[in-house]
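Here's the structure, in structure tokens; my notes come after.
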2 protein chains.
Amino acid sequence: MREARLKDVAALAGVSTATVSRVLHGNGYVSARARERVEAALRDSSYRLNAVAQELRRQKTITIGLILHGDLSNPFVGEIVIGAEQAAAEHGFTLLFLNAHGNPGQERECVETLLKRRIDGIIFTTAVHGKNVSLALDAGVRAVEIERRLCVAASAVVVDNHAAATEAMRHLVSLGHREIGFLGEPFPHDSDNDSADIPKERFRAYRDVLEACGQVLDNSHIVLGHYPRERGGWGGLEAGAAYMRRLLGQAPGLTAVFAVSDLVAAGAMQALYAEGIRVPEQLSIIGFDDTFARYLAPPLTTIRQPMFDMGYKAASLAISLIAEDAPGSSVEFCQARLVIRETTAPARATGADLALRTAPEEPRTRRTGPGPPPSPAGAGRS
Amino acid sequence: MREARLKDVAALAGVSTATVSRVLHGNGYVSARARERVEAALRDSSYRLNAVAQELRRQKTITIGLILHGDLSNPFVGEIVIGAEQAAAEHGFTLLFLNAHGNPGQERECVETLLKRRIDGIIFTTAVHGKNVSLALDAGVRAVEIERRLCVAASAVVVDNHAAATEAMRHLVSLGHREIGFLGEPFPHDSDNDSADIPKERFRAYRDVLEACGQVLDNSHIVLGHYPRERGGWGGLEAGAAYMRRLLGQAPGLTAVFAVSDLVAAGAMQALYAEGIRVPEQLSIIGFDDTFARYLAPPLTTIRQPMFDMGYKAASLAISLIAEDAPGSSVEFCQARLVIRETTAPARATGADLALRTAPEEPRTRRTGPGPPPSPAGAGRS
DNA sequence: CTGTTAGCGCATTCAA
DNA sequence: TTGAATGCGCTAACAG
């Protein structure tokens, strides 16, 4: 037995399909008697609207395509997706989900697939190739880019990385740190990609804040380098550990470190742990993103990118563009903010070597009863 | 100017729409001459197939719905999604993405939405309510459950948690550990949910392996407790820290700890760090999932759940069920496997108190040159 | 207030 | 080998 159609319900209720459609959508005039009959028929027939037919007729799918790249093992993209889904759901929209694996060709394929499906809008969770964005735009589809704006004709949701990184650096400076290391990388992806400006902006903030303090930039405090995607995860973890070791060797006077991402910070903390260097007692460290930060030991002070909001705003923006039926190319800024946890503490002495700054540790004995742990030394709380 | 339709192409090529359709899909007889003319027209007209119309006509959308719950800040679900997308893409399927927020009512809504859209299959990334799965099944849609099977009439992809946890425990035992703590929780979600069997299975493995060693189960070694979802993240992190502190107080003789999840393990490691207890030199710890494990300091030994595979298999299963047009209720098992990293090391002495077992730490001095770090004491490598 | 009608764009039967 | 015709299920004029 086939699925019930509008026509079947109509027959059952003894009215026309138009009337059924009207009660279904609550528009047009319907007499109380007819409405009742239809509602009864609706109940008896286990009817379910065929959205495909509706879409064809109305010439719009209430659907937004979402293109992303790589995996979701990094919560960054995951939260964006959830935010987008949330906004979409609130407006009755549904999300079509495609992965282009960071590949321009596949990205193009994804756009084509989406256009064939006649989605109303596309969100690029970081577009790889601006041309693909225009492809969507040219087809009359609203497009929103997240994080990076490759196509000026499209709308975008971005964060001011320079401002955010400045906040991170100011936090360290306000704790008295002056000898601050930078753990970063200039190229986020493959070098054929010209938009390496996000890490670059974070670095500029590092430099600017330091210079504002009257410090001269010391190259031995900076480790940058192109790093590839690591197997089984996002790039940065192993680089972070390697860079940190390098920094330890070449800049013994450091009291704090700014890492371009939580991932790099996590790698750095692994190196520090192996060296037996205590955070933040011997060295402060701050990250960026707030992805893994909560989970590290000790919990990482970092700059939180409002990932959920970015997704939410992107979808909202797309939906409003769809509603007003205008291309529109506005840029929405999201604010990243400092989250102080337990890896940053006041600098005690400037320029003193780590080993001299820290009293020899007492041999630790296990505490013998339950109770609150000793609070981490000097860590500020937000 | 409206979008080009089949009819426009046909007119341009001087043939009928049927012919165009035939060359588009490469079926039926088409003369070489006609084919050429159509292909030329196709190029000139920037025609794009309208998938919505196609779906209506063919009575099938090449689409699978994916329902998940909560956020994606935990990479676990994220990787499942990516795996599913991958399998779907390989078969020309597309993924519709919905979030039911762990709520049975919303889950039902999601199923309804999907049914209205006439998707061909549904994947429940952990169903919340078995009834919702049958709802899909009753509508003639293929359904696959991941991780937990709530509806026997549906297919499922699961892992054998008892076997996996057994592997974890055996690893600790093989390192000489006997005084092993358990950090867990009996109820993963709200207590109205009867399927608390996953953590329970992990606990059973803990108990079974210990008993097989001739150990008597010591309640002071076990901390279980219902924990709620934490704000801004998955439940378990803070519980892990609290539980670990409790364990430290009530079971001083412990040499190793088995945590039900990486998240709990991460919390535990935060507590240990605050206490100044070294991992694995003073205490070994093993997790479960392999979500955050890589990022912790030191990198956590854990049981890796094949999340990508689970998603991949689920989508493949759904697609094959769709293809053979049979409901089918098979269960596919995925194997979780031990990943040895750096938090587990041989037990040195049994039953000795931590403080007595470990030599007082030397005051650490910073290493002065680059080079490899000292390798973590006694950590096995896989 | 309600029914009839005419497609939305495509795939497919059937006849030529 | 090709074209004409039909209808997938629904909505929106329009006529009554």
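Order of the sequence lines fixes the chain letters, A, B, ..., with proteins taken first and strands second; residue numbering starts at 1 for each chain.
Of the candidate nucleotides C:dT4, C:dC10, D:dG3, D:dG3 has the atom lying nearest to any side-chain atom of B:V15. Comparing D:dA12, D:dC10, D:dT1 by their closest approach to the side chain of A:R58 singles out D:dA12. Nearest nucleotide to the B:T17 side chain, out of D:dT2, C:dA11, C:dC10: C:dA11. Relative to the side chain of A:N50, the nucleotides D:dT2, D:dC10, C:dC1 differ in distance, and D:dC10 lies closest. Picking from D:dT1, D:dG9, C:dT4 the nucleotide with the shortest atom distance to the side chain of A:S16 gives C:dT4. In the set D:dG3, C:dG9, C:dA11, C:dG9 carries the atom at the smallest distance from any side-chain atom of A:Q59. Distances were taken from every side-chain heavy atom of B:L49 (C-beta onward) to each of C:dC10, D:dT2, C:dG9; the shortest belongs to C:dC10.
Residue A:L56 contributes atom CG, which lies 9 Å from atom C1' of D:dC8 at whole-angstrom precision. At whole-Å resolution of the value, NE2 in A:H25 and C1' in D:dG9 are 12 Å apart. Atom-to-atom, OH of B:Y47 to P of C:dG9 comes out at 10 Å; the value is rounded to the nearest Å. The CZ-C1' distance, from A:R117 to C:dG9, rounds to 15 Å in whole Å. Between the C1' atom of D:dC8 and the CG atom of A:D8 lies a distance of 13 Å, rounded to the nearest Å. Separating the CG atom of B:L24 from the P atom of D:dT2 is a distance of 15 Å, rounded to the nearest angstrom. Atom NZ of B:K7 is separated from atom C1' of D:dG3 by 14 Å (rounded to the nearest Å). Following rounding to the nearest Å, B:E55 (CD) and D:dC10 (C1') show an atom-to-atom distance of 15 Å.
Side chain A:R22 to base C:dG3: a donor-acceptor pair is found below 3.5 Å.
At the heavy-atom level, A:L6 lies under 4.0 Å from base atoms of the strands shown. Counting non-hydrogen atoms under 4.0 angstrom, A:V30 reaches the backbone sugars and phosphates but no base.
For the pair A:D197 and A:R148, the salt-bridge criterion is not met [side-chain N within less than 4.0 Å of a carboxylate O].
Between C:dG3 and A:Y29, no contact under 4.0 Å exists linking OP1 or OP2 to a side-chain N or O. For B:Q54 and C:dA11, the shortest distance from a side-chain N or O to OP1 or OP2 is below 4.0 Å. Checking the phosphate oxygens (OP1, OP2) of C:dA11, no side-chain nitrogen or oxygen of B:R57 falls inside 4.0 Å. For the pair B:T19 and D:dG3, the criterion of a side-chain N or O lying under 4.0 Å from OP1 or OP2 is met.
Atom CZ of B:R108 has 12 or fewer neighbouring heavy atoms from other residues, nucleotides or ligands inside a 6.0 Å radius.
Considering only heavy atoms from C-beta on, B:R118 stays 4.5 Å or farther from B:L56 through its side chain. Two residues are said to be in side-chain contact when any heavy atoms from C-beta on lie closer than 4.5 Å; B:F97 and A:V81 meet this criterion. In this structure, the side chains of A:L317 and A:V157 come closer than 4.5 Å at one or more pairs of heavy atoms. Contact check for A:E79 versus B:L72: no side-chain heavy atoms found under the 4.5 Å cut-off.
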